2 protein chains.
Amino acid sequence: MITFSEENYLKAIYHLGKFGNALVSTNAIADKMDTKASSVTDMIKKLAEKELVAYTKYQGTTLTEKGRLTAATVIRKHRLWEVFLVEKLNFNWDEVHEVAEQLEHIKSEKLINQLDAFLEFPTHDPHGDPIPDKEGNFKKTNKELLANLAKATHCICIGVKDSSSEFLRYLDKHKIALGTAIEVLSKETFDDSMVIQVAGKTLTISKEVSNNLYVKAQ
Amino acid sequence: MITFSEENYLKAIYHLGKFGNALVSTNAIADKMDTKASSVTDMIKKLAEKELVAYTKYQGTTLTEKGRLTAATVIRKHRLWEVFLVEKLNFNWDEVHEVAEQLEHIKSEKLINQLDAFLEFPTHDPHGDPIPDKEGNFKKTNKELLANLAKATHCICIGVKDSSSEFLRYLDKHKIALGTAIEVLSKETFDDSMVIQVAGKTLTISKEVSNNLYVKAQ
DNA sequence: ACTTATTTTTAGCCTTGTCTAAAATTTAAT
DNA sequence: ATTAAATTTTAGACAAGGCTAAAAATAAGT
Ligand SMILES: [Mn+2]
Ligand SMILES: [Mn+2]
Ligand SMILES: [Mn+2]
Ligand SMILES: [Mn+2]
């Protein structure tokens, strides 16, 4: 039986290691998990013992196939629950993450598959992140950061990089949601700010904003 | 912050102590929790420290008002989730308990209130048990055991005492569900078996069955 | 190449929740 | 009223998951 803590470590390694491939450092994990490097070393040993990660002292850690699938399944559950909270329980997209962090650890294959069906097999969560299938796979959509678009480009918002409550509520305030059409009116080279057209109004946004909005060019 | 384990102990004490009133023995808790008396003593001390139970050495334990409310809230969550699983995710009534044991520990007031609304404020779970409100209260319906009914009585099944998978599947097999009309055709004094009329057929049931079916006489 | 800085691991300790075995207390039986 | 039986608590141990401080290994700087 895998513990909540083990699942959280696997998820962190998955994200840090670009979906399970790259070597991840002990400190990077400690940072992400908000814990100490010594605690990470201890846990990595347990995960290696269970063959969920491959670990060589001082060199770093990667997920095994078994670890990758476990991590992807936790992420699948997290994102499906986020969809449930927004679509069925009227949560706002900035309120779901904390609850999903708990729900993602519920163990029941039937539960998650029925939930998936109940939600009509969503492909993305409320923040635009893809939902892995049962095998832990998902097609990666070609999204790009709004910051990288040229002047006069038309695009549609399809996701957020930063999904903090503060950023999401900023977007709410300015009527930017997934699916919202955006046009780049101008870019300021000095501070990388942008003037965009959104929801019938023009809006000046900082590079912090444009660097955290994923869009699909039209 | 209250732990999963603490919540489970409170729930056990709540059930054993008739909703929080009576004094509960250490052994009774150990039995119900499938643990050892020494572990119970340790935990009781922690709960007493947190003022969730009142405890005097060798005498037994009762819930405080704070403990009673905490226990009732966990039970509220458990039963709401059971309704969700049956009503929305097509679980059978014998499949929900294990998953609800996990879901009942999720911490989010908004989650449980929105779930309650989404389910349209159900009053009973799939086994006929009442769902406490936010204050931990519920009106107790006057149900009685089928075993106690006299010959020729008409009644409706409104709950199960034993909610084990085995018993529930036995009921499924014989088309007995919540709401099903039952008539007592005869009672055998020798072994307390009964012949009943249900779903258009006559059926002989043992005292193990009639002692575990709650009904409302018509 | 050698020294310094950074990263990582080890060693030892703590808390939570569990256990077994022994001691203390209460209850039951003569 | 004693003695025996059952219940409950204490003492001491352990595994999981965390911590701090010190040691070891790797990486960087001159
Ligand atoms: Mn999230
Ligand atoms: Mn998300
Ligand atoms: Mn249940
Ligand atoms: Mn139930």
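Not measured: the values here are computed from a predicted model. A note on names: the letters A, B, ... follow the listed sequences, proteins ahead of strands, and every chain is numbered from 1.
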Classify B:S5 by what it touches in the nucleic acid, base, sugar-phosphate, or nothing, heavy-atom distance under 4.0 Å. sugar-phosphate
Just the rounded figure in Å: distance from P of C:dT16 to CD1 of B:I44. 16 Å
Do any side-chain nitrogens or oxygens of A:N27 fall under 4.0 Å of OP1 or OP2 in C:dT8? yes
Separation of C:dT9 P from A:D42 CG (nearest whole Å): 10 Å
Is any side-chain N of the basic residue among A:E7 and A:K107 closer than 4.0 Å to the acidic one's carboxylate O? yes
So, is B:K36 close to the C:dT20 phosphate, meaning a side-chain N or O under 4.0 Å from OP1 or OP2? yes
Would you say D:dT9 has OP1 or OP2 under 4.0 Å from some side-chain N or O of B:T26? yes
Side-chain N or O of B:T41 closer than 4.0 Å to phosphate OP1/OP2 of D:dT9: yes
How many Å lie between CD on B:Q59 and C1' on D:dT7, as a whole number? 11 Å
Any A:K45 side-chain nitrogen or oxygen under 4.0 Å from OP1 or OP2 of C:dT10: yes
Closest listed nucleotide, where the reference is the side chain of A:M43 and the choices are C:dG17, D:dG17, D:dT26: D:dG17
Does B:K88 qualify as a cation-pi partner of B:F118, given the criterion of NZ or CZ under 6.0 Å from the six-membered ring centre and within 45 degrees of its axis? yes
So which atom in A:H105 and which in A:K77 form the shortest heavy-atom distance, rounded to 0.1 Å? C-NZ, 4.3 Å
Hey, does the side chain of A:S193 reach the backbone of A:E188 with a donor-acceptor pair shorter than 3.5 angstrom? no
Looking at C:dT10, I'd like to know if its phosphate oxygens (OP1 or OP2) sit under 4.0 Å from a side-chain N or O belonging to A:S38. no
Short side-chain N/O contact to D:dA16 OP1/OP2 from A:K46, under 4.0 Å: no
Round to the nearest Å and state the distance from B:E7 atom CD to C:dT16 atom P. 16 Å
Less than 4.0 angstrom between a side-chain N/O of A:Y9 and OP1 or OP2 of D:dG18, yes or no? yes
Would you say D:dT9 has OP1 or OP2 under 4.0 Å from some side-chain N or O of B:Y55? yes
Calculate the interatomic distance between A:L10 atom CG and D:dG17 atom P; express it in whole Å. 12 Å
Examine C:dG17: is either OP1 or OP2 under 4.0 Å from a nitrogen or oxygen in the side chain of B:T3? Give yes or no. yes
No-hydrogen, no-angle side-chain donor-acceptor test under 3.5 Å, B:S164 and B:D162: yes
Do the side chains of A:M194 and A:L146 get nearer than 4.5 Å, heavy atoms only? yes
Measure NE2/A:H105 against P/D:dG17 and give the value in whole Å, please. 12 Å
What integer distance in Å separates A:Y58:OH from C:dT7:C1'? 9 Å
Ignoring backbone atoms, test whether B:K57 places a side-chain nitrogen or oxygen under 4.0 Å from the OP1 or OP2 oxygen of D:dT10. yes
Whole-Å distance, B:D34 CG to C:dG17 P, equals 18 Å
